[in-house]
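Notes follow the structure.
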Amino acid sequence: MVKRKLFFFIVFMLTIVVPFSLMGIRIAYAETLPYQTIIIDDGSIKINDVVTPDAGNENNGYSAPNWTTSTGVKGYDLSSSKYTSTAGRTITWNPRLEAGTAKISFYKLDWADKADSNVKIEIVHNGTTDVVFMDLRPSSGDPAGWVDLGEYYFSGAGEEFVRLTRSTSTTNTILTRADAVKFEGNIEQKEPHKTIIIDDGSLTIDHVVTVDAGNVNNGFSAPYWSTSAGVKGYNNSSSKFTDAVNRSITWNPRLEAGTARISFYKLDWADKADSNVKIEIVHNGITDVKFMDLRPSSGPSVGWVDLGEYEFSGDDSEFVRLTRTQPSTGTIITRADAVKFEGNIRQQAPPLPPLRSRTLTNLSYTEKGSIENDNYKATFYEAVWDGGKSIVRDMFYKNTDTGNWMPINTVAERLEEQWVLLDGNAGSRTNYYDTMNKRWITFDGITFPDNHTAVLTDSSHESDYDFEVNWSMTGDKPDVSFAFTPRRDGNYVIGYQSFTTESVSGINEVLNGFRSHAKMVGTVESTSLRELSAPMSLVEKNDASGNPLTYGVFVPSEELPVEFEPTGGVTKQRLGMSLVNNEGSVQPILYAPQLGTYSQMTAENTYQFHMGLIAQKSNLYESYTDILRNEYDYSSYRENVSDQSLTDAMFNMIDLLKIEPQGDDSVNYVPSPSGWWSRAKGFIDIENEDSVRTSSNAVLLGAYYLTGDDQLYDTRALPSVQYGVSRNGIGWSPTQKKVYGVPSLWKMATLPFDVSSVAAVNQMMGTSAGIGALAQEEYLVRDPEQKDRGPVVQPLMMYRMTGDAQYLQAAKDAADNYITQHIDTPASVDVSKNEFIYYYSKLWMEILELYEETQDPKYLNAAYKEAKRYATMFVARPVPEGNVTIPQPETYNYAESFHWPESGKFQYPRL
């Protein structure tokens with residue numbers, strides 16, 4: 001009896017508590033949504049008396065396939081209505097409601113003729129279907145007008161709607177008529193179904209195409225991919241392709257919270273198609289990974305390929321990313337085009353841009369103070385506008401001729417310098433801005449501890465982070481440091497977009513690693529420290545007087561400890577740099593740390609970094625030299641160490657290359673320290689098995705003339721000359737093995753080099769009719785447009801062999817053309833990561849040879865100008881004190897490029 005009473009007491013309490021709990025939930029939820037009335041009708045949707053026409057019923061949730069329109073029988077708003085005489089025909093009203101409770105009413109028409117007496121009305125909601133039958137005759141059942149169907153809870157998930165079905169058999173004597181359905185309550189509609197397609201150069205939303213040629217706002221990013229006009233994309237436009245490993249394309253739809261079905265457009269192009277690309281869907285804090293075969297004959301069919309449905313949280317760093325996983329090779333081409341997002345989705349408003357791109361109403365400036373040293377001055381202002389404020393600055397350098405302060409920026413350019421905080425766990429160094437959350441930092445405080453120091457603070461985001469920037473003029477150049485303390489664990493990158501923004505047409509020259517020199521500004525990609533030939537990002541432009549002004553950011557010696565920077569790969573780099581900002585403008589930028597190991601920060605732990613700034617009335621090379629000499633301790637003189645000189649090193653190398661193999665190498669290669677293979681008359685090519693590689697046959701001959709060593713001549717120089725007048729490639733295999741995939745590089749009776757190499761032998765050995773004839777024959781088939789080798793020196797060498805003035809004139813013409821097109825007009829076409837630096841800025845050597853021949857100073861000046869550009873492409877780091885030890889193989893996995901069997905490797909002794 002006690003147990004029974006206890007049972008009934010529990011049931012009673014649940015009966016009371018649960019409804020009140022549910023009521024509390026409903027009341028709390030209702031308070032978050034406004035009361036609304038939504039009426040769905042053929043051709044329109046009405047929300048709170050505001051009518052939105054939708055003639056095609058594309059977005060209003062109304063669907064009446066195969067029903068007929070009646071203009072005579074008026075609906076609730078005196079518009080037309082629908083009718084049918086066919087059994088099973090349905091009309092659907094889908095309000096696309098978020099979770100909540102709605103009162104539903106059906107509009108019963110005032111038309112008695114042939115009216116249906118028994119229609120089926122289904123309310124599909126919250127995973128169930130409630131069914132109501134209604135008599136549509138005005139004289140029976142409910143009166144004409146709005147008929148209350150009851151209150152129903154909508155979950156906001158899946159398809160929820162009202163559907164009317166004619167259940168009467170097909171006959172013209174009974175007509176089923178219908179009009180509108182009304183939904184009332186504290187309700188809110190979900191977004192209408194949308195289709196968003198992101199493609200290179202455009203954004204398509206529900207068939208409306210918005211052109212975005214620079215991919216500034218459409219969410220498409222494909223740095224260093226090439227455009228193919230021949231391989232057509234989904235809309236018959238161009239597509240993208242690459243042959244380089246780890247290249248990525250990103251499609252960022254900037255969706256608000258919701259669910260989207262994603263599709264990838266697979267191109268119909270079989271030639272060299274990639275069989276295994278990686279596709280990442282970054283959403284809702286996780287990353288789903290798929291692999292796809294892009295060959296039309298394999299994997300999914302060409303066209304739109306369904307990748308599935310994914311939940312988006314509304315975070316700005318949610319996207320689709322395709323990455324090439326195949327090794328870099330021209331035999332496999334990765335191609336990509338567009339990605340489609342479908343569902344009840346809506347794009348977020350574009351994130352706030354940096355201050356320089358906002359409209360700041362009632363903007364005004366108040367000077368707060370200045371700091372300076374002998375060479376630089378910075379004046380800080382509080383910028384205030386409607387709804388915001390920040391600290392900005394003007395920068396000045398001292399004119400050494402007049403002693404006057406010269407402004408680097410104008411008042412209009414004060415807002416162009418910008419700090420940005422980037423965070424997110426799926427970012428990509430190729431484009432931080434499309435793959436990470438962006439917060440453009442504004443400063444709300446400034447203090448001046450002394451006349452050389454200014455401290456800027458951002459205290460308005462203390463719940464997320466602390467951020468402080470320290471400007472110091474205690475040294476020769478401005479030093480800018482920052483301290484960042486996150487409140488939560490995560491990946492954080494701080495970007496500093498320094499000085500002013502420029503267009504490519506407004507600059508003279510740039511430097512940001514070997515790939516970004518001349519006017520090759522590159523892309524928005526952050527170049528890792530290991531790829532920066534010199535750790536600086538510089539821009540040269542003309543000032544208001546037309547004089548060269550160079551400015552930018554560099555990494556001080558203190559931030560560059562002696563280390564082997566490739567250690568850990570791209571994910572373990574202290575910093576990165578770029579010359580292209582998020583809007584595509586040219587601007588020196590430093591990112592610290594670079595995304596990867598160093599960017600993984602722990603809550604309440606402070607990350608610090610500092611950088612140097614330079615701005616002076618000089619060309620870029622002079623500023624580059626200033627940093628190397630005054631910041632990195634470079635000097636004009638190289639000191640000998642360990643009682644050895646460069647001369648000693650040269651003779652040591654000659655001794656090394658003279659070492660013979662310990663065995664008969666007349667057939668097979670026998671490993672030796674020199675790598676010489678007698679049968680092939682050359683040194684082995686480590687990247688091609690059973691092959692040798694020789695790019696010039698005059699070097700060893702020159703070493704012989706220098707030393708007079710007959711053994712060197714007999715065993716190395718003479719065979720090298722023989723190679724140069726008989727083989728058909730600089731890479732060659734006596735066993736007919738492929739050399740870089742080419743199967744024919746084993747043939748004889750041709751020349752492996754251009755005429756310049758053969759002519760050099762002719763000069764050094766004395767006139768030889770046979771070699772001269774070979775050279776002249778080779779000259780006839782040369783490529784005069786080849787810029788990486790020979791356009792100047794080949795005709796010059798022909799002149800030196802023959803004395804014929806027409807060859808000298810050809811050399812001058814080629815040099816004049818190159819100077820105009822490539823030296824005086826800096827190259828502006830970005831280069832691939834896979835290109836050799838030697839292909840760029842290298843004809844200065846040939847032009848210098850022409851100067852030696854002609855003594856024309858214009859060739860000396862041009863050679864010097866390009867030689868300076870060439871020098872900036874080589875690694876420069878601070879000169880360390882004392883001895884330095886690089887990591888040994890047991891602590892670092894060095895990449896080895898030796899494509900021979902292990903038996904072909906000589907085991908060099910290790911100290």
Side-chain angles (χ1 to χ4, degrees), residues 369-380 392-409 413 416-417 419 448-456 468-483 494-500 509-512 529 532-541 543 547-561 574-575 577 579 587-592 608-635 872 876-879:
S370 297
I371 58 174
E372 63 182 75
N373 59 20
D374 291 341
N375 304 309
Y376 294 92
K377 181 172 78 169
T379 300
F380 295 87
V392 297
R393 62 110 188 102
D394 287 340
M395 179 75 81
F396 304 84
Y397 71 93
K398 184 166 288 185
N399 186 319
T400 55
D401 297 328
T402 65
N404 295 329
W405 290 114
M406 305 299 295
I408 298 168
N409 61 278
E413 294 170 331
E416 294 187 359
E417 176 194 69
W419 293 81
F448 296 90
D450 55 57
N451 61 355
H452 294 301
T453 308
V455 180
L456 283 63
E468 181 179 284
V469 172
N470 186 301
W471 281 75
S472 174
M473 295 287 190
T474 57
D476 293 334
K477 296 180 178 66
D479 183 275
V480 181
S481 62
F482 67 83
I494 291 87
Y496 175 51
Q497 300 180 346
S498 66
F499 293 97
T500 60
E509 199 158 344
V510 298
L511 178 63
N512 189 77
L529 177 61
L532 290 167
S533 50
M536 57 190 75
S537 183
L538 303 178
V539 174
E540 178 196 316
K541 67 177 182 180
D543 63 17
N547 299 311
L549 170 67
T550 300
Y551 58 91
V553 58
F554 66 90
V555 184
S557 300
E558 298 82 1
E559 293 285 358
L560 295 169
R574 295 177 180 275
L575 61 103
M577 286 181 160
L579 282 165
Q587 189 171 23
I589 305 169
L590 185 142
Y591 300 99
Q608 295 178 308
F609 191 86
H610 80 114
M611 66 200 83
L613 302 185
I614 188 170
Q616 56 191 31
K617 182 181 175 182
S618 69
N619 62 43
L620 187 142
Y621 184 74
E622 290 169 337
S623 295
Y624 166 84
T625 303
D626 183 335
I627 296 171
L628 261 58
R629 292 195 185 282
N630 297 316
E631 302 295 329
Y632 297 165
D633 294 331
Y634 276 52
S635 63
T872 64
R877 291 295 185 270
V879 177

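- To the nearest 0.5 angstrom, Lys398 atom NZ is 12.0 Å from Tyr376 atom OH.
- Put simply, the side chain of Leu529 reaches to within 4.5 Å of the side chain of Pro535, judged on heavy atoms.
- Nearest heavy-atom pair across Arg877 and Ala534 is NH1-CA, 4.0 Å.
- Residue Phe448 comes nearest to Ala454 through the heavy atom pair CE2-CB, 3.7 Å, listed as atom of the first residue, atom of the second, then distance.
- Using a cutoff of 4.0 Å between basic side-chain nitrogens and carboxylate oxygens, Glu417 and Arg393 are scored as salt-bridged.
- Of all heavy-atom pairs spanning Asn470 and Val455, the tightest one is ND2-CG2, 3.7 Å.
- Aromatic ring pairs are classed by plane angle as parallel below 30°, tilted from 30° to 60° and perpendicular above 60°; the pair Trp471 and Tyr496 is perpendicular.
- The minimum heavy-atom distance between Gly475 and Asn373, with the atom names listed, is O-ND2, 2.7 Å.
- When side chains are defined from C-beta on, Tyr621 does not count as touching Glu540, because their heavy atoms never get closer than 4.5 Å.
- Judged purely by atom type and a 3.5 angstrom limit, Glu416 has no side-chain atom pairing as donor or acceptor with the backbone of Phe499.
- Side-chain atoms of Tyr634 never come within 3.5 Å of backbone atoms of Asp626 as a donor-acceptor pair (strictly under, hydrogens ignored).
- Pairing each heavy atom of Ala592 with each of Phe482, the nearest pair is O-CZ, 3.7 Å.
- Judged by distance alone, the side chain of Asn399 and the main-chain N or O of Asn404 form no donor-acceptor pair under 3.5 Å.
- Separating the CG atom in Leu613 from the CZ atom in Phe554 is a distance of 7.5 Å, to the nearest 0.5 Å.
- Panel note: side chain Glu559, backbone His610; a donor-acceptor pair is recorded below 3.5 Å.
- Closest approach of Ala378 to Met395, counting heavy atoms only: CB-SD, 4.3 Å.
- To the nearest 0.5 Å, the span separating CG on Asp476 from CG on Asp374 amounts to 8.0 Å.
- In this structure a side-chain-to-backbone donor-acceptor pair under 3.5 Å is present from Ser557 to Glu631.
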Next on the checklist: Checking Leu532 against Asn512 for the side-chain contact (heavy atoms from CB on, under 4.5 Å) test, could you report, in this order, the C-alpha distance in whole Å, the side-chain angles of both residues, the deciding distance, and whether it holds?
Outcome noted: CA-CA 7 Å; Leu532 290 167; Asn512 189 77; 4.0 Å; yes
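- Side-chain atoms of Ile627 and Tyr632, non-hydrogen and from C-beta on, do get closer than 4.5 Å to each other.
- Rounded to the nearest 0.5 angstrom, Leu579 CG and Leu511 CG are separated by 8.0 Å.
- Between Thr453 and Ile371 the shortest side-chain heavy-atom distance does not fall below 4.5 Å.
- Between the NZ atom of Lys617 and the CG atom of Asn547 there is a distance of 4.5 Å, given to the nearest 0.5 Å.
- Under the 4.5 Å side-chain criterion, counting only non-hydrogen atoms from C-beta, Trp405 is in contact with Glu372.
- The 12-atom threshold is exceeded at CG of Asp450, counting heavy atoms of other residues, nucleotides or ligands nearer than 6.0 Å.
- At least one side-chain heavy atom of Pro561 sits under 4.5 Å from a side-chain heavy atom of Arg574.
- Ser533 places a side-chain N or O within 3.5 Å of a backbone atom of Thr872 that can act as its donor or acceptor partner.
- A heavy-atom distance below 4.5 Å is not found between the side chains of Asn375 and Lys477.
- For the pair Val555 and Met577, the minimum side-chain heavy-atom distance is below 4.5 Å.
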Item to check | Lys541 vs Leu549, side-chain contact (heavy atoms from CB on, under 4.5 Å): CA-CA, chis, key distance, verdict | outcome: CA-CA 5 Å; Lys541 67 177 182 180; Leu549 170 67; 4.2 Å; yes
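- Gln616 and Ser623 form a side-chain donor-acceptor contact under 3.5 Å, judged by distance and modelled atom types alone.
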Item to check | Intermediate values then yes/no, side-chain contact (heavy atoms from CB on, under 4.5 Å), Val480 and Trp419 | outcome: CA-CA 12 Å; Val480 181; Trp419 293 81; 3.7 Å; yes
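- Between the Glu622 side chain and the Asn619 main chain, a donor and an acceptor come within less than 3.5 Å of each other.
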Checklist entry - Where do Thr474 and Asp479 land on the side-chain contact (heavy atoms from CB on, under 4.5 Å) test, with the steps shown first? => result CA-CA 8 Å; Thr474 57; Asp479 183 275; over 6 Å; no
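- At least one donor-acceptor pair closer than 3.5 Å links the side chain of Thr550 to the backbone N or O of Leu620.
- Judged purely by atom type and a 3.5 angstrom limit, Tyr624 has no side-chain atom pairing as donor or acceptor with the backbone of Leu538.
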